[in-house]
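It should be emphasised that the depicted structure is a prediction, and the values quoted were computed from it without experimental measurement.
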Amino acid sequence: MVRATSTQKNDAAPKKPAKKGRRASAESMAQKQREISVSEFFTKNRHLLGFDNPSKALLTTVKEAVDNSLDACEEAGIPPELRVEIHQTAEDRYRVVVEDNGPGIVKAQIPKIFGKLLYGSKFHRLKQSRGQQGIGISAAGMYGQLTTGKPVVVTSKTGKGRPAHQYEIVLDTRKNQPNILADTTIDWERREHGTRVEIELQGNYRAGRRSVDEYLEQVGIANPHATITYVPPNNRAPLMLERVTDELPPETTEIKPHPYGIELGMLIKLMKESTHRSVSGTLQAEFSRVTARVAHQICETAGLRPTATAKRLGPQEIEKLYRAIPKVKVMAPPTNCIVPIGEELINRGLARELRAAIYASSTRPPTVYRGNPFRVEVGLAYGGDLRRMAIEEDSLTIKAKTEDRGEGPITLLRFANRVPLQYQQSACAIFKAVVDTSWKSYGLSQPRGGLPVGPMVLLVHIASVWVPFTSESKEAIAHYPEIIKEMKLALREVGRKLNAFLRRREKDRLQEKRRSIFSMYIGELARSLSRLGAGDETRIQKKLDVLVAKHAPQREVAVAAGASEVADSPVGLVEMSDDGELDDGELELDREEPRQLSLVDDDAPSAPKASKKKAAPKKKAAPKKKAAPKKKAPARKATSKKTTTKKTATKKTATKKTATKKTATKKTATKKTATKKTAKKKTAPKKGRRS
C-alpha cells in the first residue's frame, strides 16, 4: 500500500477563501460625514451660476453688479446713473468696476452682502425686482477670488457729508462667512451717495453677440430711465447711453402669497407657526385677497370650524383645508406689485438703439401662475436700416442678422424683470412661444421649428414677483403653460400690426409700379397733347411731372426716431416714414370739375389735385380722350364752337375741324335725314298689310 505524500494531500484538499475585512464600517462612514456650506457647493459647481467659461464669467459679473445698482436706485427713487469700466490687467485678467448713484449701503451690511452667499432682502418678499436669490454679486466675488486670489473692493457712501467706507473682502467658502482684509474711511467727494464695486477675475473680453457691449445696450432698451456710461477695454471709445425719460417706474408694493399658489407643506408650516389663534384669522393674515367671508367659505367647504385653533389642526384636517381652497372663488392677486415697461417706452427704447421703419409694441393685462401675478410685453422693430445691417465685431449697436428678409432669422431679445437674458435661448419659454406662433399669417416666412425670417428685432419681456428661472444662473424661463399662453397672445397682437404695415407697403409698391409705367409715357403724352393744341410741350410735361409726384406714394425712409414721434403713437405702432396713404382730401379732384386739368392756359387756376384712380392710367391712348374736351373752359377762340357737339367730337375725332369739314358734316347729316324719311315711306305699306 502506497501512502500519499504531504504534498499530494495538500493538493487534493479544497482551498478555503481567505476572510477579507470590510472596506468601511458604519462608524468610519459616520466620521466622514459633515455639513456642506452653500458657498463650498457653488465653488465646485460654479457653472450653475454662469461662470462656466471666461467670456461668460466676465458678462455675468457685470450683469450681477448692474442689476443690484438699478434695483437700489429705483427702490430709493433716484434716477439711475451707472458707470461700467473694464480694465485689462493681464492677458486673461480683467478688473470690472461698476459704480452707481444709489442710496449706498450701511457699513455693517457691506461684508455680508458681498461676502456671503444667499444673503439679501429680496428672497422673502413678493415684489418685482431684478435680484431674487441673494447669490449673484457674492458669487461673482467668489469667482474672482478663486481665479485671481484678489479680494472684492467695495466703496459705499450713504449721504452728503457722511464718510465713505471702503472694504476689502474675501469669502470663507467652508463657513460661508466674509473675511474683512481692510476697512478704511476715504474721501469720496465725487459722489454724494452711491456704491462702487471692483472685482478682478479671469475672463475673456469680446465684442459682438453675447458680449458686455450688447448686454448694456439691451439694458438701455429695457431701462430707458437710466443713464449708462461704459468704458470698454483695449482703448476703445467709451459708450454713453443717455436716458430717454426722466420718469422712474412706479414704485411696486409688496404683497402676500395668494392661496391658489400655496402647497400642502407650506400650508402645514403656516398653521403650525401661526401667531393667530383661529384658522380664519390665519388665512386672512397670511394670504392676499382672503377676506372674512372667503375664509369662512373655505372652512365650511373643508368641514372645519372657522374658530378652530390653527396650531391644533392635524395633518388630515390641514389637507382637507388645502383641498377646499381651489373650490372657493378667490379674487386674483393685486397687480401693483409689478410694473411693466410700457408700450411707449418700449418704442422709444428700441428707437434709441435701432434704425427701423416701424416700431410696434403690446402690453398684456396682468394674469397669474401658481398664485404669482405677472405681465407680458412684446415690442418689435422692422425694416429700415435693419436690412443693411450685419453683425460687426467692433460695433456697439444691436444689428439684425440679414441684408434681405429671406436670408436669416430675426434677432430675439429676451427680458425678465427688465434684465436681458443672454444664454440658453432654445431652453426658454420665450423662444418656445415665438417658434409656436404662426408668423406666416403676418407676412413673414418661417421654417418649421425655427424663428421667423426677416429684418426684424423682436423683444419679449415678462414682469413678475417671482420669475420661474430654470437654474440659478437666471438664463431661461420655465415652460409654464400660463406664461406661454400670454406670450403667444402678445406676439399675435404685434404680428397683426406688422401685417397691416406690410400690406400697406405692398399696396404702395404696386402704386409706385403703376406710377413708373405712366412716367415712361409722359414725354409721348406731352407731344401728343401739344400736337392737339393743348399748349407748349415742355410746359405740359412739367405739369404732368408735378401731377405724378402728387400721386406718388411716400417711400419708406428709415430715420432715427424722435421722442415726440414715438410718444404720439396711441396704438403702439410708430412708423419712421409717412404712411404712403394720404387723406382723401389731399388726393381727390374737385368733384364739380373733374376734368379741368388746366394744361394749356396760364390764366387758369393751378393744376388741381387728381384722384387716386386717375393718377396712373395704364393705357397710352386713355389720356388723349380725356385731354381734348373741356367741360367748362372759357371760350377765347372761334374754333371753340366745336364743343357744342361733344358726343360727335369725342366719338369721331380729337383734332381741330376746318370749316370745310363742318359743311361736309352738315351735308352728311341732311342725307341721313332724307334716308330715314325714305325708309319710313317704304315701311308704311308693310304695317298696313299686317293690320
Side chain to side chain contact (heavy atoms under 4.5 Å, CB included) evaluation trace for E168 with I180: CA-CA 6 Å; E168 294 184 9; I180 301 174; over 6 Å; no
Can you check whether R418 reaches P249 side chain to side chain, under 4.5 Å on heavy atoms? yes
Look at the side chain of R289 and the backbone N and O of A332, then say whether any donor-acceptor pair between them is shorter than 3.5 Å. yes
More than 12 heavy atoms from other groups under 6.0 Å of CD on E247: no
Roughly how far, to the nearest 0.5 Å, is OH of Y94 from CG of L58? 7.5 Å
With distance as the sole test, does R243 use its side chain to make a donor-acceptor pair with the main-chain N or O of A226 at under 3.5 Å? no
For T155 and Q166, what are the C-alpha separation, side-chain angles and deciding distance, and is it a side-chain hydrogen bond (donor to acceptor under 3.5 Å, both in side chains)? CA-CA 4 Å; T155 306; Q166 187 175 82; 3.0 Å; yes
Can you check side chain to side chain contact (heavy atoms under 4.5 Å, CB included) on V66 and L82, steps first, answer last? CA-CA 8 Å; V66 168; L82 275 61; 3.7 Å; yes
Contacts table for residues 196-203: side-chain donor-acceptor under 3.5 angstrom, sequence neighbours left out:
from: R196; atom 1: NE; to: E198; atom 2: OE2; distance (Å): 2.9
from: R196; atom 1: NH1; to: E99; atom 2: OE1; distance (Å): 2.7
from: E198; atom 1: OE1; to: R95; atom 2: NH1; distance (Å): 3.4
from: E200; atom 1: OE2; to: T89; atom 2: OG1; distance (Å): 3.2
from: Q202; atom 1: NE2; to: D92; atom 2: OD2; distance (Å): 3.4

So, taking the atom named CZ in R206 and the one named OG in S55, what distance separates them when rounded to the nearest 0.5 Å? 4.5 Å
Do other residues, nucleotides or ligands put more than 12 heavy atoms under 6.0 Å from Q177 CD? yes
Can you tell me if T229 uses its side chain to pair, donor with acceptor, with the backbone of R83 under 3.5 Å? no
Hey, are the side chains of N336 and I255 touching, using non-hydrogen atoms and a 4.5 Å cut-off? yes
Please give me the minimum heavy-atom distance between I135 and A139, naming the atom from each residue. O-CB, 3.0 Å
R236 backbone acceptor or donor facing N234 side chain under 3.5 Å: no
Do F415 and V460 make a side-chain contact, defined as non-hydrogen atoms from C-beta onward lying under 4.5 Å apart? no
Evaluation steps, side-chain hydrogen bond (donor to acceptor under 3.5 Å, both in side chains), between S39 and T173: CA-CA 5 Å; S39 56; T173 56; 5.4 Å; no
What's the shortest heavy-atom distance between Q424 and S473, and which atoms? NE2-OG, 4.4 Å
Between I477 and T470, what is the shortest heavy-atom contact and its length? C-CG2, 3.9 Å
Approximate separation, where rounding is to 0.5 Å, of E74 CD and S69 OG: 11.0 Å
When L421, V84, L59 are each screened for side-chain contact (heavy atoms from CB on, under 4.5 Å) with Y215, the one that passes is L59
Between F374 and V376, what is the shortest heavy-atom contact and its length? CE1-CG2, 3.8 Å
For V152 and Y167, run side chain to side chain contact (heavy atoms under 4.5 Å, CB included): C-alpha distance rounded to whole Å, both residues' side-chain angles, the deciding distance at 0.1 Å, then the answer. CA-CA 8 Å; V152 180; Y167 279 88; over 6 Å; no
Nearest non-hydrogen partners of P468 and I483, listed with the distance: CG-CD1, 3.8 Å
Mind running side-chain hydrogen bond (donor to acceptor under 3.5 Å, both in side chains) on R130 and N223 for me, showing each step along the way? CA-CA 12 Å; R130 294 169 180 81; N223 301 271; 2.6 Å; yes
For residues T252 and I338, determine if any side-chain heavy atom of one lies less than 4.5 Å from a side-chain heavy atom of the other. no
Apply side-chain hydrogen bond (donor to acceptor under 3.5 Å, both in side chains) to S129 and D71, showing your working. CA-CA 7 Å; S129 61; D71 269 341; 4.8 Å; no
So NE2 of H47 and CG of N53: to nearest 0.5 Å the spacing works out to 12.5 Å
Ignoring hydrogens and angles, tell me if any N or O in the side chain of N417 forms a donor-acceptor pair with the backbone of S464 under 3.5 Å. yes
Are there over 12 heavy-atom neighbours, none belonging to K175, within less than 6.0 Å of that residue's NZ? no
Any side-chain heavy-atom pair from Q128 and V339 closer than 4.5 angstrom? yes
Does M487 reach the side chain of I430, with side-chain heavy atoms less than 4.5 Å apart? yes
Tell me, yes or no, whether the heavy-atom count around E482 atom CD, taken from other residues, nucleotides or ligands under 6.0 Å, exceeds 12. yes
From E192 atom CD to I78 atom CD1, the distance as rounded to the nearest 0.5 Å: 10.0 Å
Spatial distance of atom CG (N179) from atom CD (Q145) [nearest 0.5 Å]: 8.5 Å
Donor-acceptor pair, side chain of S361 and main chain of E343, under 3.5 angstrom: yes
Spell out, as yes or no, whether a donor-acceptor pair under 3.5 Å connects the side chain of N101 to the backbone of E81. yes
Among R414, Q218, E475, find the residue that satisfies the side-chain hydrogen bond (donor to acceptor under 3.5 Å, both in side chains) test when tested with Q422. Q218
Can you confirm whether the side chains of H276 and E286 place a donor and an acceptor under 3.5 Å from each other? no
For the residue pair Y480 and Y369, categorise the inter-ring angle as parallel (less than 30°), tilted (30 to 60°) or perpendicular (more than 60°). tilted
Tell me the closest heavy-atom pair linking G379 and L350, and the distance in Å. C-CD1, 4.1 Å
Check: R191 main-chain N/O paired with K157 side-chain donor or acceptor under 3.5 Å: yes
Step by step, work out the side chain to side chain contact (heavy atoms under 4.5 Å, CB included) result for R364 and R375. CA-CA 6 Å; R364 292 287 302 166; R375 297 187 74 170; 5.9 Å; no
Looking at E344 and R348, does any basic side-chain N land under 4.0 Å from a carboxylate oxygen? yes
Test applied, side-chain contact (heavy atoms from CB on, under 4.5 Å); reference residue, I113; option that passes from I105, T195, V154: I105
Residues forming a ring pair (Phe, Tyr, Trp, His ring centres under 6.0 Å) with H461, sequence neighbours excluded: none
Should P151 and I169 count as side-chain neighbours, where that means a heavy-atom distance under 4.5 Å? no
Please check if the side chain of H258 supplies one atom and the backbone of M331 the other of a donor-acceptor pair under 3.5 Å. yes
Is it the case that the side chain of Y260 and the backbone of V330 share a donor-acceptor pair, with hydrogens and angles ignored and the cut-off at 3.5 Å? yes
Cation-pi, Y423 ring and K56 (6.0 angstrom, 45 degrees): yes
For the residue pair I137 and F114, establish whether any side-chain heavy-atom pair is separated by less than 4.5 Å. yes
